[in-house]
Asker: 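Before I ask anything, here is the structure I am working with.
Lettering of chains follows the sequences in order, A, B, ..., and the numbering in each one begins at 1.
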Amino acid sequence: MALGKYIPEEVELKWQKVWKDSGCFEVEVDPSKPKYYVLEMFPYPSGKIHMGHIRNYSIGDVVARFKTMQGFNVLHPMGWDSFGLPAENAAIKNKTHPAKWTYQNIAEMREQLQRMGYSYDWRRELATCRPEYYKWEQKFFLKFLEKGLAYRKHSPQNWCPSCNTVLANEQVEDGLCWRCESEVEQKDMEQWFLRITDYADELLNDLKTMDGGWPERVLTMQRNWIGKSYGAELTFQVKDMDETITVFTTRPDTLFGATFMSVAAEHPMVEALTADADNKAEIDAFVTNIKNMDRIKRGADDLEKQGIFTGKYCINPLSGAEIPIFIANFVLMGYGTGAVMAVPAHDQRDFEFAKKYDLPIKTVINPPDLHGKGEILNESEMGEAYTAPGVLVNSGDFDNMQNEPAKKAIVEHLDKSGLGKISINYRLRDWNVSRQRFWGAPIPIIYCDDCGAVPVPEDQLPLLLPENAQVRADGKSPLPAMEEFVNCTCPKCGKAARRETDTFDTFFESSWYYMRYCDPRNDTEPFSAEATDYWMNVDQYIGGIEHAILHLLYSRFFTKALRDTGFIKTDEPFANLLTQGMVLKDGGKMSKSKGNVVDPNAMINEFGADATRLFILFASPPIKELEWSDQGLEGAFRFLSRLWRLIEGLEDTLEPVQPTSFNDPQVDAAKRLRFKEHDTVRRATRDIENEFQFNTVIAAVMELVNEIYALKNELKDAAPRALSSAIATAVTLLSPITPHVCEELWQALGHTNTLTKQAWPTFDESALVKDEVTMVVQVNGKMRGKFVVANNTPKDEVEKIALGLENVTTHTDGKTIRKVIVIPNKLVNIVAN
RNA sequence: GCGGGCGUGGCGGAAUUGGUAAACGCGUCAGAUUUAGGAUCUGGUACCUCACGGUUUGGGGGUUCGAGUCCCUCCGCCCGCACCA
């Protein structure tokens with residue numbers, strides 16, 4: 001058939017329709033085939049697709065198509081993370097309902113994704129703002145409540161004054177709201193939490209099982225975030241009071257060196273400790289000052305250490321020494337117990353504090369070299385704390401012990417009198433899932449004056465978000481003022497009661513959507529065991545690094561929590577994670593403020609979806625940053641046109657043969673082409689399997705096309721089947737990357753199947769064996785010549801040829817040949833001096 | 001400060017893992033074709049040198065017959081964590 005001119009839009013729309021009509025991307029559970037689940041992080045439907053989306057989804061699409069061609073039953077779904085603040089803000093601006101804005105955006109973005117030709121099973125599309133979806137997470141919440149995994153607590157929370165809602169710890173970056181970058185305040189509130197800390201250990205330990213599957217830096221970030229530290233809790237009696245203070249320390253071995261104690265300004269004992277102090281007013285001012293300091297300033301690394309004496313002392317449980325209790329600005333209530341035993345000789349912070357307030361410094365860990373000489377580290381000469389290992393001194397019965405074993409010995413000793421125990425501390429906090437916003441899934445709880453917080457009965461789910469709500473100009477949720485929503489009766493006692501008006505954090509929805517994709521239309525359960533047993537877990541997950549903690553940690557937790565509530569059998573949701581690099585323009589991030597945003601639609605209209613996909617995958621490996629280039633995109637288009645013209649020009653010659661099917665080379669050119677063809681399959685397969693290096697896959701196919709161009713006139717009559725085979729190979733290898741144009745060319749070659757049903761080409765090792773090889777000759781490691789010999793020519797023969805080369809002798813004349821190294825079929829290095 | 005990554009032509013980036021550095025593409029130069037072309041084709045293009053040849057993977061040192069690749073050290077950039085007791 002005649003190809004005519006390459007008009008991307010025509011070709012692309014044609015094949016998109018063929019794929020859609022044939023349902024070739026629709027998959028079902030099929031235990032007879034190996035499954036492969038490839039997933040890209042689903043988008044928030046902001047309305048316009050951007051280059052980051054295109055990159056993310058193009059990478060995923062190549063993986064999906066490649067794995068399909070390799071014979072896997074590939075699940076590749078797409079949907080919408082459609083609850084969230086921007087919809088609400090847009091609705092306020094346009095005086096409409098967030099749902100309307102959201103569904104419009106979804107329709108637009110769906111069209112744009114479809115225009116890219118991605119191989120999604122669109123039947124599985126889901127939107128998290130639909131009751132059919134959030135119904136199930138309301139159910140999960142009730143189950144978590146039953147299991148004690150969800151609970152309500154009154155405590156200081158991160159409050160974003162601009163978003164009008166609380167934030168989880170993970171959603172505060174450097175004291176700023178992750179969404180709007182407003183300064184986050186502290187506010188006492190009663191909120192719903194999920195006990196992610198119950199899973200701290202499992203979340204940490206299982207990171208080991210993902211080694212190799214996840215990027216090292218994401219694993220590190222999660223480890224840091226969980227922040228496990230081993231230590232002890234030690235209890236100090238307060239002198240002249242019937243009170244104790246417990247500290248967390250990782251260095252119980254230094255207990256004898258504790259010369260004072262520091263507590264946080266928020267510590268619950270502060271009021272009692274200072275109640276009868278002479279300078280009560282001064283202390284109160286100091287405490288208020290710290291509490292009012294904003295998070296950024298308080299967390300700054302150059303914050304000067306400040307403290308104030310409470311007037312009270314406590315008793316060192318081992319030495320019996322009386323040590324003063326200070327309130328200090330660097331002690332955090334949110335970590336450990338909010339109280340620290342201060343050992344200035346062996347902790348740099350305590351050292352600085354002691355110097356400033358002239359507090360005693362006492363060496364209890366002696367450096368090994370000094371200890372050997374019978375000397376003890378002199379406190380008055382110390383310029384900084386000694387934090388390295390050593391031997392205990394000034395520590396009573398524990399003297400001369402190595403400090404590591406002493407840790408355990410001291411805690412065990414204190415344990416007998418109930419004053420100390422081994423303790424493991426985490427930085428991770430429970431997940432606050434309450435949000436004071438409208439556009440989210442309602443939390444299914446009813447408050448009754450008599451019965452307290454009562455779960456909405458399961459048969460009343462979904463608890464619907466009212467469609468008639470009118471968003472408020474001030475950004476506050478309209479729910480509390482909606483009587484028809486708030487007023488209800490207590491499911492337990494039947495008396496009048498009020499509904500919870502907070503909604504779930506939107507990370508709640510994204511924590512399990514990948515499970516719902518397995519069985520998205522199920523209306524009797526969130527997903528069937530049959531579906532999730534087969535499809536889960538996700539084999540390859542692809543998305544941005546910005547979720548290294550947030551979404552990825554919550555999802556890991558959710559998977560484990562759903563496992564323990566009997567919904568699923570999986571331990572970890574994502575076996576392999578690829579974090580794609582950012583798309584840059586002129587060396588920087590694309591942003592509206594810089595005015596350097598490239599609109600994908602314009603590119604697709606001018607050069608087509610295929611050229612856009614080709615460029616974005618060719619310009620850089622997926623994990624690295626990508627510098628956008630309009631000229632590069634044109635180059636991609638040029639290559640596709642060149643391939644198109646190649647086939648168009650050979651229409652009378654080419655036959656519909658299978659890739660790598662030509663195996664009877666009679667002439668040198670055919671042999672050469674066959675070698676290149678098989679070598680390209682080898683390289684392409686290897687590079688895809690090695691971290692999806694599509695850039696080099698494309699380069700290899702370009703080389704093959706160049707080779708075909710170079711040999712086509714010679715082979716047109718001599719070996720037309722060699723050309724047909726090589727071209728079939730090029731088109732097939734390229735098809736996951738530029739699927740539309742490849743389908744068109746495949747059809748033009750005379751094939752009647754579509755490439756979606758074509759197997760990934762295989763190569764023949766024997767085709768890669770060359771009759772002749774080019775060998776390089778070096779003299780003292782410098783290249784001096786080349787020669788061609790028969791493959792596997794014996795070493796001594798090769799050596800003889802090499803030594804005889806003219807350009808070699810000019811460099812060896814007058815020198816003694818010390819050694820000749822021969823690497824078969826590759827290189828000869830002559831060592832001479 | 002701690003942890004991780006990176007540094008290769010004018011640019012994006014390759015290098016079968018210790019064996020011809022700069023594949024592929026962009027840009028650019030020359031030629032061909034064309035009424036013309038930002039179309040297409042052919043050829044050149046790391047640097048210095050008329051040439052022979054020499055130099056080159058952030059700098060310096062080392063291991064090796066041989067180093068972009070391994071080791072040490074310094075410099076620069078990026079990312080994460082950071083008063084976490």
Asker: Using whole Å, what does the distance between atom P of nucleotide B/C6 and atom CZ of A/Arg217 come to?
Answerer: 11 Å
Asker: Tell me: CD of A/Gln631 to P of B/A39, nearest whole Å?
Answerer: 12 Å
Asker: State whether A/Arg349 places a side-chain N or O below 4.0 Å from either non-bridging phosphate oxygen (OP1 or OP2) of B/C84.
Answerer: yes
Asker: Under a 3.5 Å limit for both distances, which nucleotide forms a Watson-Crick or G-U wobble pair with B/U20, could you say?
Answerer: none
Asker: Any donor-acceptor pair under 3.5 Å joining the side chain of A/Asn224 to the base of B/C81?
Answerer: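 Checked by distance alone, the answer is no.
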Asker: For the side chain of A/Lys305 and the base of B/C83, is some donor closer than 3.5 Å to an acceptor across the two?
Answerer: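 Between B/C83 and A/Lys305, which were checked side chain against base, a qualifying N/O pair under 3.5 Å is present.
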Asker: Would you indicate what A/Glu216 reaches in the nucleic acid, counting non-hydrogen atoms under 4.0 angstrom: base, sugar-phosphate, or nothing?
Answerer: nothing
Asker: Do you know which two heavy atoms are closest between A/Arg55 and A/Val583, and how far apart they sit?
Answerer: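 Between these two residues, the closest heavy atoms are CD-CG2, 3.9 Å.
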Asker: If we call it a pair only when both distances are under 3.5 Å in a Watson-Crick or G-U wobble match, what pairs with B/C2?
Answerer: B/G80
Asker: Within 45° of the ring axis of A/Phe256 and under 6.0 Å from its six-membered ring centre, is that where the NZ or CZ of A/Lys362 lies?
Answerer: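 No; the conditions do not both hold, so A/Lys362 does not lie above the ring face of A/Phe256.
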Asker: Go ahead and name the base partner of B/A85; Watson-Crick or wobble counts if both distances stay under 3.5 Å, otherwise write none.
Answerer: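 The answer is none; no pair meets the criterion.
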Asker: Just checking A/Glu634: base, sugar-phosphate only, or nothing, at a heavy-atom cut-off of under 4.0 Å?
Answerer: nothing
Asker: Could you tell me if the ring centre of A/Phe618 sits under 6.0 Å from that of A/Phe639?
Answerer: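 Not close enough - the centres of the two rings lie 6.0 Å or further apart.
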Asker: Which part of the nucleic acid does A/Asn706 contact within heavy-atom distance under 4.0 Å: base, sugar-phosphate only, or nothing?
Answerer: sugar-phosphate
Asker: Rounded to whole Å, how long is the line connecting atom CZ of A/Phe618 with atom C1' of B/G12?
Answerer: 9 Å
Asker: Given B/U40, is OP1 or OP2 found less than 4.0 Å from the side-chain N or O atoms of A/Ser641?
Answerer: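 Looking at the OP1 and OP2 atoms of B/U40, neither is under 4.0 Å from any side-chain N or O of A/Ser641.
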Asker: Describe the nucleic acid contact of A/Arg683 in one word from base, sugar-phosphate, nothing, applying a heavy-atom distance below 4.0 Å.
Answerer: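 No contact at all - A/Arg683 keeps every heavy atom at 4.0 Å or more from the nucleic acid.
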Asker: In Watson-Crick or G-U wobble terms, both distances under 3.5 Å, what is the partner of B/A32?
Answerer: B/U40
Asker: For B/U69, does the O4'-C1'-N9-C4 or O4'-C1'-N1-C2 angle fall within 90° of 0, making it syn, or is it anti?
Answerer: anti
Asker: Looking at A/Tyr426, does the NZ or CZ of A/Lys228 lie under 6.0 angstrom from its six-membered ring centre and within 45 degrees of the ring axis?
Answerer: no
Asker: Tell me the partner of B/C70, counting only Watson-Crick (N1-N3 plus N6-O4 or O6-N4) or G-U wobble (N1-O2 and O6-N3) with both under 3.5 Å; none if nothing fits.
Answerer: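 Partner of B/C70: B/G62.
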Asker: Under 4.0 Å between any heavy atoms, over every strand shown, what does A/Gln222 touch: base, sugar-phosphate, or nothing? Just pick one.
Answerer: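 Contact class for A/Gln222: none.
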Asker: I'd like to know whether A/Phe260 forms a side-chain contact (heavy atoms from CB on, under 4.5 Å) with A/Phe353, so could you lay out the CA-CA distance, the side-chain angles of the two residues, the decisive distance to 0.1 Å, and finally the verdict.
Answerer: CA-CA 10 Å; A/Phe260 60 100; A/Phe353 196 87; 3.3 Å; yes
Asker: Is B/G9 syn or is it anti, if syn means the base angle is within 90 degrees of 0?
Answerer: syn
Asker: Look at all strands and tell whether A/Asn695 reaches a base, only sugar-phosphate, or nothing, counting heavy atoms closer than 4.0 Å.
Answerer: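 A/Asn695: backbone/sugar contact only, no base atoms under 4.0 Å.
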Asker: Partner of B/C50 by Watson-Crick or G-U wobble geometry, both contacts under 3.5 Å, or none?
Answerer: none
Asker: Taking the six-membered ring of A/Tyr6, is the NZ or CZ of A/Arg645 close enough (under 6.0 Å from the centre) and on axis enough (within 45°)?
Answerer: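 Judged by the rule (NZ or CZ under 6.0 Å from the ring centre, within 45° of its axis), A/Arg645 is not positioned above A/Tyr6.
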Asker: Check the orientation of A/Trp431 and A/Tyr554. Use parallel for under 30°, tilted for 30 to 60°, and perpendicular for over 60°.
Answerer: parallel
Asker: Considering only nitrogen or oxygen atoms on both sides, find all protein atoms under 3.5 Å from nucleotides 42-52 of chain B and state each distance.
Answerer:
none

Asker: Does the structure show a Watson-Crick or G-U wobble partner for B/G10, both distances under 3.5 Å? Name it, or say none.
Answerer: B/C26
Asker: Side-chain N or O of A/Arg784 less than 4.0 angstrom from OP1 or OP2 on B/U20?
Answerer: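 It does not, given that no N or O in the side chain of A/Arg784 lies less than 4.0 Å from OP1 or OP2 of B/U20.
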